[in-house]
Amino acid sequence: MDTEGTHDAQHTAPQRADGAHRPEPAVPRPAAPPTPPAAGPRTPPPPAAPPAVPVVPAVPAAPPAAAPRGSTALEPALLSWLRTPRPGAAPGIWTYGHRPRPAQESDRVPGRQLISGAAISFLCGWLLWSLLWNGYLGGYWLWPLLLLTPDSWRSAGGDKMVYVWATYLYYGLVLALLVVVFGRMGRWPELVRRFLGPVLGRFRNRGPAVPRPQPAADRAQWPDLRAHGAADAADKLTTEARAGRMNDVDVARIERAWRSVRSGKNSLASFTDTVLRHGAAACAHPSGRRDLPRRTAHHDLLAHQVRIGTAADHHRNPYRHRGAGCALDPGVLGTSLLAVGPAGSGKTTRVVGPVVESMCLQALAGQAAVIAVGPAGSDLGPDEAFDVVVRVGRPDPDCDLDLYGGTTDPDEAAGILAEALVGDLAEQLAGGDSRRAATALAQLLGPFRAVHDRFPTVPELRELLDGAPSAMSALRTALQDGDAHTLLRELDARVRQSERPGDPGVLLADRLALLDRPAFAAFFDPTGGTRQVSLRALDHPLRVRIELPERGHAEASRILARLVLAQFTECAVARGDRSLFACLVLDEAAHTITAEALRGLQRLRSANAGAVLTLRSLDDIPDALRGTLLGTVGCRMAFAGVTTWDGARFAEVWGKEWVETRDVTDRQIIAEGAAMKAFHLFRHLVTGKAVTAKAVTVRTVERERWSASDLANAVPPGHAVLSVTSVAGEHAPPVLVDLRS
């Protein structure tokens with residue numbers, strides 16, 4: 001943090017004890033020797049004691065304002081949060097109270113050299129002044145005074161006091177010139193900024209608070225509402241905030257509702273009436289909740305950011321990022337995030353958890369929809385933080401998962417289901433993809449839906465894929481009775497293809513059998529007997545958590561993870577209203593990344609949607625897809641403990657940069673004279689080293705930003721290397737982030 005400090009130099013003019021001044025004919029100066037000039041920081045007045053205001057972490061204290069009538073309480077911290085500046089910064093930087101730094105670091109002098117240089121320059125300046133004062137260098141330095149003052153001032157009958165004051169003024173100018181010259185030579189301003197600046201900054205922070213901004217620029221006064229004819233609503237919201245009945249979620253939610261009014265989707269009259277009737281609770285989330293039961297991270301809902309750590313003060317980090325907070329927001333998550341690190345490195349607790357919490361808060365503010373998927377027992381937040389919690393495989397479920405993604409199109413449902421069942425084996429299928437598997441499913445789903453007005457359950461679909469005579473005969477008879485000749489041809493084609501070798505129906509039936517287990521008997525029911533969650537509702541501020549049965553049903557868990565990923569990429573792109581940011585958080589995405597899934601992730605950027613994926617290693621996905629995955633996502637994160645194999649992939653995608661290197665070579669000095677040889681011999685006896693001279697070679701070379709070895713061995717525990725790219729195309733280089741701060 002750069003904190004600039006200033007000080008006033010106090011110059012003490014040379015005087016005699018009796019206060020008299022004795023001019024000389026040629027060189028007027030006092031008879032008594034002067035005291036050295038004193039220059040130093042002026043002692044600031046003692047700071048006032050800070051008022052007893054409740055302190056909220058990461059929110060600076062605000063000046064007291066007019067409290068509600070009959071109350072002596074000070075303003076709540078929400079108003080300070082609203083008034084805190086959020087300057088523009090590079091993507092991935094926490095903007096709340098951020099102080100931008102220059103892009104390049106200035107030449108920083110070591111502290112020891114800075115102090116010694118300042119001391120030497122002060123002593124040199126003092127010596128020069130003493131020599132001038134005592135006349136050892138002659139009287140030439142007083143010639144300007146003699147030339148600019150009239151002779152009558154120095155005569156016997158002249159005004160001697162005027163000449164005395166002019167002399168002292170001239171002494172002060174010379175002394176100030178010496179201070180400026182030697183101060184610049186000794187870098188005194190830099191010394192003050194580096195060592196006294198932080199101290200003075202703490203004194204300023206303890207002093208009186210900054211005056212409140214004018215109402216036109218005060219965000220706590222809702223100036224935009226006042227400027228567009230909603231002054232009554234602005235007064236109501238200002239009163240609610242001062243009374244402490246409003247939080248940051250309310251502010252973000254009401255601001256979003258106001259943006260809908262400005263865009264013409266809602267009327268000004270209805271907005272004003274809602275605010276006047278409900279106050280801070282206006283335009284509430286359908287669940288009625290206005291906050292989460294608990295928070296574990298720092299959030300800034302005005303900037304839509306969640307803080308995940310602090311950029312380390314490391315030479316590999318760009319200078320403008322060092323010491324700045326690192327944050328994630330929909331602007332960068334819209335390019336999707338991939339986090340790779342071993343178990344226990346902090347992927348879930350340090351990144352996934354805060355992101356899910358941020359998306360839930362933004363959903364309560366009407367700005368996002370979140371689907372959090374993870375194995376049972378993963379810490380993705382309490383149940384109260386979500387609208388729906390789906391626990392697949394648990395007895396007596398409250399909610400169910402729609403196997404077909406809420407669609408009524410048999411071809412679309414077949415494509416999603418085929419991706420979930422055999423997407424990881426697409427390379428082994430005929431044609432190298434899952435299109436034949438999707439066609440086989442569509443040949444059964446279309447006729448079945450035409451007969452029963454719904455899609456089949458898991459046991460029914462398994463019987464059809466196995467070609468059970470009773471199931472096929474019943475479906476054929478129903479189609480014949482309904483004169484559905486087109487669908488009957490589809491069914492006949494499926495029967496003929498099932499008799500050919502390499503038919504995908506056998507593999508589909510085997511994979512579907514993993515879901516046709518007693519533990520899943522109460523799930524995936526399309527008959528309407530259960531409350532099902534459909535990802536078609538992503539145009540609503542939905543908060544869903546899906547727990548997968550990892551223990552005992554690992555393969556079924558991977559199928560369901562691929563199913564949710566396929567449904568999300570399809571439904572997010574197909575939304576009619578894309579004003580909400582749709583986010584899928586897939587904790588532990590091993591064996592779920594396929595070629596079709598990567599194509600779906602690439603389409604999310606333009607659909608105001610993104611995905612957060614975590615992997616323990618890149619070995620969990622096929623080798624042919626690893627480079628494509630790293631190229632598809634815009635945000636990449638390598639945690640401490642990654643292998644050199646994974647580090648090589650990250651190093652390749654992060655590329656290289658031009659850096660300046662210094663090569664130092666020691667060259668032995670050959671003494672020629674006898675005296676020099678004796679000196680070298682004596683120095684060698686004292687130091688034990690030969691006399692050498694250092695030759696420094698400066699070169700500009702191309703070097704990897706983070707090499708595979710650095711990622712595997714130089715990243716400390718609790719840290720990660722993060723690079724982000726925004727939807728607008730801005731990108732930040734990889735930065736070493738301390739996730740514990």
Side-chain angles (χ1 to χ4, degrees), residues 392 397 400-423 429-430 434-536 556 559-560 563 566-567 570-571 574:
V392 181
D400 190 7
L401 182 63
D402 190 352
L403 195 65
Y404 302 99
T407 184
T408 58
D409 185 0
D411 293 325
E412 183 179 351
I416 294 175
L417 191 56
E419 170 66 17
L421 294 175
V422 297
L429 300 177
S434 59
R435 286 181 296 178
R436 290 191 59 186
T439 301
L441 285 172
Q443 290 171 344
L444 296 174
L445 296 180
F448 191 94
R449 178 170 180 79
V451 172
H452 300 282
D453 196 25
R454 63 173 177 84
F455 288 122
T457 62
V458 172
E460 290 172 343
L461 182 58
R462 182 184 178 186
E463 288 183 350
L464 293 175
L465 288 172
D466 284 334
S470 58
M472 298 295 289
S473 299
L475 184 58
R476 180 185 298 275
T477 302
L479 291 174
Q480 291 175 348
D481 294 341
D483 293 333
H485 301 292
T486 303
L487 297 176
L488 189 60
R489 287 198 303 268
E490 288 282 293
L491 186 61
D492 292 338
R494 171 89 289 272
V495 173
R496 291 192 301 270
Q497 292 174 5
S498 63
E499 298 175 354
R500 299 177 182 177
D503 177 58
V506 178
L507 181 59
L508 289 170
D510 292 341
R511 283 297 183 90
L512 196 63
L514 297 172
L515 301 180
D516 189 16
R517 305 298 301 164
F520 308 134
F523 291 88
F524 321 123
D525 183 12
T527 61
T530 59
R531 178 190 174 194
Q532 287 194 329
V533 175
S534 172
L535 299 191
R536 293 286 166 180
I559 292 175
L560 294 176
L563 176 67
Q567 290 183 3
E570 186 69 27
C571 297

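We number each residue from 1, following the sequence as shown.
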Legend entry - Check: R511 side chain, L421 main-chain N or O, donor-acceptor pair, under 3.5 Å: yes
Legend entry - CE-CG distance between M472 and L491, expressed to the nearest 0.5 angstrom: 4.0 Å
Legend entry - Straight-line distance of E460 CD to L475 CG, nearest 0.5 Å: 10.5 Å
Legend entry - Closest approach of S534 to G405 (non-hydrogen atoms, all atoms of both residues): OG-O, 3.6 Å
Legend entry - Heavy-atom donor-acceptor pair, S473 side chain to S470 backbone, under 3.5 Å: no
Legend entry - Test item: I416 and Y404 side chains (from C-beta on) under 4.5 Å apart, heavy atoms: no
Legend entry - Any D492 side-chain heavy atom under 4.5 Å of R476 side chain: yes
Legend entry - Side chain to side chain, L401 and F523, heavy atoms closer than 4.5 Å: no
Legend entry - Listed partners of R531 passing salt bridge (charged side-chain N to carboxylate O under 4.0 Å, His left out), at least two apart: none
Legend entry - Set of salt bridge (charged side-chain N to carboxylate O under 4.0 Å, His left out) partners for E570, sequence neighbours left out: none
Inset, instruction - First locate atom CG of L563, then atom CZ of F524, and finally report the distance between them rounded to the nearest 0.5 Å. - result: 8.0 Å
Inset, instruction - Hey, could you give me the CD1/CG distance between I559 and L417, rounded to the nearest 0.5 Å? - result: 9.5 Å
Inset, instruction - Could I get the full list of side chain to side chain contact (heavy atoms under 4.5 Å, CB included) partners for A484, not counting sequence neighbours? - result: L479, L487
Inset, instruction - Kindly give the heavy-atom pair with the smallest separation between D400 and A522, and that separation in Å. - result: OD2-O, 4.1 Å
Ignoring hydrogens and angles, write down the donor-acceptor pairs under 3.5 Å from the side chains of residues 437-446, residues two or more places apart or on other chains.
residue : atom : partner : partner atom : Å
T439    : OG1  : R435    : O            : 2.9
Q443    : OE1  : R494    : NE           : 3.2

Inset, instruction - Identify, with sequence neighbours excluded, every residue that meets salt bridge (charged side-chain N to carboxylate O under 4.0 Å, His left out) alongside R536. - result: E412
Legend entry - Of all pairs that satisfy salt bridge (Lys or Arg N to Asp or Glu O under 4.0 Å), the ones with a partner from residues 514-529, not counting sequence neighbours: R462-D516
Inset, instruction - Could you tell me whether the side chain of D402 reaches within less than 4.5 Å of the side chain of P526, counting heavy atoms only? - result: no
Inset, instruction - Using atom types as modelled and distance alone, determine if a side-chain donor or acceptor of D466 lies under 3.5 Å from a backbone N or O of A468. - result: no
Inset, instruction - Would you give the length of the straight line joining atom CZ of R496 to atom CZ of R489, rounded to the nearest 0.5 angstrom? - result: 10.5 Å
Inset, instruction - Mind checking the CG-CG spacing from L512 to L464? Nearest 0.5 Å is all I need. - result: 10.0 Å
